[in-house]
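Keep in mind that what you see is a predicted model, and the values were worked out from it rather than measured.
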Amino acid sequence: RLLSHRMPSVEASVAELGGMRYVPGDHPKLASIIETLDLAIDDFLMDEDNSNRPYQIRNRVLKQKDLTNSSKLPYYLSPAEQGQTAEEIEVAVYNTIVPDEEKGKPNDQILTDHGALYELGFRNAYALANASEDSIKYFDATSGYSDYIKNANAAWLMYGDDSGSEFSSSGYKRVTEGMDKVPKKMFQNFVDNYGSRERDEEELAMFGTTVVSITKTSAGSYVLALADTKSPNNQVR
């Protein structure tokens with residue numbers, strides 16, 4: 001599920017579909033694979049000046065610097081929410097529902113007056129803080145997480161400030177040539193070591209198959225049951 005593409009008109013930038021970054025400390029296996037494959041990496045930057053970053057919101061194209069301009073933003077926000085970014089509103093919601101004595105704890109340990117934070121959905125937290133419905137849509141449209149905001153777990157998605165949150169780029173790394181170089185180089189290494197499809201089909205018998213079950217024998221070894229991977233039209237891939 002990784003595809004990296006350099007657009008001819010923007011050669012300096014790599015467009016990523018799928019994974020676009022990783023944190024070595026949080027993703028040690030991936031970091032180890034990238035190091036073993038000897039792939040060049042660099043910092044994934046998000047905190048530089050993005051004031052001219054474009055957003056398409058409700059059939060309007062706005063720049064990031066326009067998002068705090070209530071006359072341009074096409075959302076019905078409450079007076080207290082107007083003039084704020086979606087992330088600033090999210091921080092205000094967090095600070096409203098999380099008691100002061102609980103702030104600073106890991107999110108999965110925080111208790112609110114309405115139960116544990118991890119028991120609340122994102123929308124539920126906004127409702128408890130009397131945030132506007134459009135403030136959720138505003139966050140949904142501008143945060144980059146629109147596919148799974150819905151009613152995601154509040155403990156996972158919400159923070160009382162930007163440090164350590166999903167919106168901080170601290171520690172993010174990327175593969176310089178594109179994240180899809182990871183599986184591509186792994187595949188090429190396999191072919192280089194075990195032969196090509198043309199000259200050694202038996203060595204590549206595992207390609208195009210799905211592991212159906214894994215059974216541990218009394219001797220401690222494992223038996224894998226395999227089946228052909230088929231496409232929606234029932235063709236073997």
Side-chain angles (χ1 to χ4, degrees), residues 1-7 10-48 50 87 104-110 118 143-149 152-159 161-217 219-229 237:
R1 297 187 297 162
L2 296 171
L3 177 63
S4 306
H5 179 70
R6 285 186 185 273
M7 292 174 283
V10 197
E11 284 293 334
S13 225
V14 180
E16 299 281 9
L17 296 174
M20 60 180 175
R21 62 194 178 197
Y22 69 102
V23 181
D26 292 341
H27 307 111
K29 291 183 180 179
L30 176 61
S32 177
I33 290 171
I34 290 172
E35 183 178 357
T36 299
L37 294 175
D38 197 27
L39 293 169
I41 63 172
D42 53 34
D43 293 332
F44 183 95
L45 301 176
M46 292 176 59
D47 294 335
E48 66 272 20
N50 287 321
E87 286 78 13
K105 293 183 180 179
N107 273 12
D108 60 355
Q109 297 177 22
I110 287 177
Y118 67 79
S143 67
Y145 294 90
S146 59
D147 283 345
Y148 48 83
I149 289 294
N153 191 298
W156 168 71
L157 197 57
M158 300 187 71
Y159 290 84
D161 56 57
D162 285 345
S163 61
S165 78
E166 293 290 337
F167 309 105
S168 168
S169 63
S170 176
Y172 282 138
K173 299 291 182 182
R174 70 184 184 109
V175 175
T176 306
E177 294 185 62
M179 292 297 290
D180 70 355
K181 290 295 183 289
V182 178
K184 285 179 177 178
K185 191 163 184 180
M186 289 176 69
F187 176 80
Q188 189 58 52
N189 284 1
F190 185 90
V191 171
D192 291 344
N193 284 289
Y194 295 100
S196 68
R197 289 178 182 270
E198 290 73 23
R199 71 171 185 262
D200 200 345
E201 282 289 339
E202 187 175 346
E203 291 283 3
L204 293 173
M206 292 286 286
F207 283 96
T209 60
T210 298
V211 177
V212 177
S213 64
I214 303 174
T215 306
K216 187 175 183 179
T217 68
S221 59
Y222 292 87
V223 176
L224 275 63
L226 306 176
D228 289 333
T229 300
R237 291 179 176 176

Please give me the minimum heavy-atom distance between Lys185 and Asp38, naming the atom from each residue.
NZ-O, 4.1 Å

Qualifying salt bridge (charged side-chain N to carboxylate O under 4.0 Å, His left out) pairs with a residue from residues 171-182, counting only residues at least two apart or across chains:
Asp42-Arg174, Asp43-Lys173, Asp180-Lys184

Looking only at atom types and distance, does a side-chain atom of Asn107 sit under 3.5 Å from a main-chain N or O of Met158, one as donor and one as acceptor?
yes

Glu16 and Leu3: CA distance, side-chain angles, deciding distance, side-chain contact (heavy atoms from CB on, under 4.5 Å) verdict:
CA-CA 6 Å; Glu16 299 281 9; Leu3 177 63; over 6 Å; no

Please lay out, stage by stage, how His5 and Val14 fare under the test side-chain contact (heavy atoms from CB on, under 4.5 Å).
CA-CA 6 Å; His5 179 70; Val14 180; over 6 Å; no

Only counting residues at least two apart or in another chain, list the ones meeting side-chain hydrogen bond (donor to acceptor under 3.5 Å, both in side chains) with Gln188.
Asp192

For residues 23-32, which side-chain N or O atoms pair as donor and acceptor with protein atoms under 3.5 Å away, sequence neighbours left out?
unit_1: His27; atom_1: ND1; unit_2: Val23; atom_2: N; d: 3.0
unit_1: His27; atom_1: ND1; unit_2: Val23; atom_2: O; d: 3.2

Tyr222 vs Thr215, test: side-chain contact (heavy atoms from CB on, under 4.5 Å). Steps then yes/no.
CA-CA 5 Å; Tyr222 292 87; Thr215 306; over 6 Å; no

For Thr217, what residues pass the side chain to side chain contact (heavy atoms under 4.5 Å, CB included) criterion, not counting sequence neighbours?
Ala219, Ser221, Val223

Decide side-chain contact (heavy atoms from CB on, under 4.5 Å) for Ile34 and Tyr22; before the verdict, give the C-alpha distance in whole Å, the side-chain angles of both, and the deciding distance to 0.1 Å.
CA-CA 11 Å; Ile34 290 172; Tyr22 69 102; 3.5 Å; yes

Once rounded to the nearest 0.5 Å, what's the spacing between atom OG of Ser213 and atom CG of Leu224?
7.5 Å

Kindly give the heavy-atom pair with the smallest separation between Gln109 and Lys105, and that separation in Å.
O-CD, 4.3 Å

For Leu2 and Gly19, which heavy atoms make the closest approach, and how far apart are they?
CD2-N, 3.2 Å

